[in-house]
Amino acid sequence: MRGGPRPALAASAGVSAGCMVDVTLAGLGLGAVVAAMPHLFDAIRLAGVAYLVFLAIKTLRTPIGATGPASAVRPSRAFRDGFVVNITNPKVILFILAFVPQFVDPARGNVLGQFLIFGGVIAVGGFLVNGAVGYFAGGLGKVLARSARVERALRYASASVFGLLAVKLAWESRA
């Protein structure tokens with residue numbers, strides 16, 4: 001909401017690119033590696049927790065009024081943030097590991113290619129949905145952020161969401 005429509009679309013593209021990394025890793029056997037080395041999942045989970053805590057602190061420490069046009073979110077930074085959030089989110093990785101393989105037919109050969117096709121469908125669909133939501137929320141955010149009071153409320157809400165997600169992720173155990 002703070003960055004506007006263009007960074008929202010860039011963040012959505014970053015999430016989709018991260019999805020393709022997750023799908024590629026799944027296609028290359030990440031599921032087998034995680035099953036053999038459960039501590040690897042914990043490392044991915046803790047990296048996600050650390051990044052969410054970083055985002056919460058950064059959101060709270062940014063001075064009110066510092067999100068105006070002079071310091072607008074660059075689309076490249078929004079892309080990077082969306083990408084990092086996605087690849088450090090173990091739920092996305094687990095979803096892909098649980099969902100995509102049921103559609104892959106090893107008898108047809110090129111298992112990685114099949115993973116990439118199905119992952120591409122997920123990434124494009126996710127981009128369209130997340131991009132639309134982000135685009136319209138970004139437009140609304142530009143209007144709402146004109147008020148320091150509203151900006152402060154949005155900032156506390158965003159930091160709270162990041163913090164609560166970090167706590168939830170930290171306390172979850174392996175499935």
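Residues: numbered from 1 along the sequence shown.
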How close do [X] and [Y] get, counting heavy atoms only, and between which atoms?
X	Y	result
Pro7	Ala78	O-CB, 3.2 Å
Ala17	Phe79	CB-CZ, 3.8 Å
Gly163	Ala56	N-CB, 4.0 Å
Ala170	Val49	N-CG2, 3.6 Å

Fill in: Option from Val15, Asp22, Leu97 for which side chain to side chain contact (heavy atoms under 4.5 Å, CB included) with Val92 holds
Asp22

Worksheet item: Side-chain contact, heavy-atom cut-off 4.5 Å: Asn89 with Ile93?
Response: no

Discussion item. Are Leu52 and Leu169 packed together at the side-chain level, in the sense that at least one heavy-atom pair is separated by less than 4.5 angstrom?
Written reply: yes

Would you say [Y] ends up clustered with [X] if hydrophobic residues are merged whenever their side chains have heavy atoms under 4.5 Å apart, either directly or through other cluster members?
X	Y	value
Leu28	Ile96	yes
Ile87	Met37	yes
Val133	Val161	no
Leu46	Val53	no
Leu154	Leu140	yes

Worksheet entry | Enclosure of Arg80 CZ (heavy-atom neighbours >12, cutoff 6.0 Å) | yes

Worksheet item: Should the heavy atoms of other residues, nucleotides or ligands under 6.0 Å from CZ of Phe103 be counted, would the total exceed 12?
Response: yes

Practice prompt. State whether the side chain of Thr59 and the backbone N or O of Leu55 hold a donor-acceptor pair below 3.5 Å, judged by distance alone.
Written response: yes

Fill in: From CZ (Phe83) to OG (Ser16), nearest 0.5 Å
11.5 Å

Item to complete: Find the distance between CE (Met20) and CG (Asn86) and round it off to the nearest 0.5 Å.
Response: 11.5 Å

Response to the item:
side-chain hydrogen bond (donor to acceptor under 3.5 Å, both in side chains) filter on Asp81, not counting sequence neighbours, yields Tyr51

Going by atom type alone, with no hydrogens or angles, which donor-acceptor pairs under 3.5 Å involve a side-chain atom of residues 110-126 and a protein atom two or more places apart or on another chain?
{"residue": "Asn110", "atom": "OD1", "partner": "Gly113", "partner atom": "N", "Å": "3.0"}
{"residue": "Gln114", "atom": "OE1", "partner": "Asp105", "partner atom": "N", "Å": "2.8"}
{"residue": "Gln114", "atom": "NE2", "partner": "Asp105", "partner atom": "O", "Å": "2.9"}
{"residue": "Gln114", "atom": "NE2", "partner": "Gly109", "partner atom": "O", "Å": "2.8"}

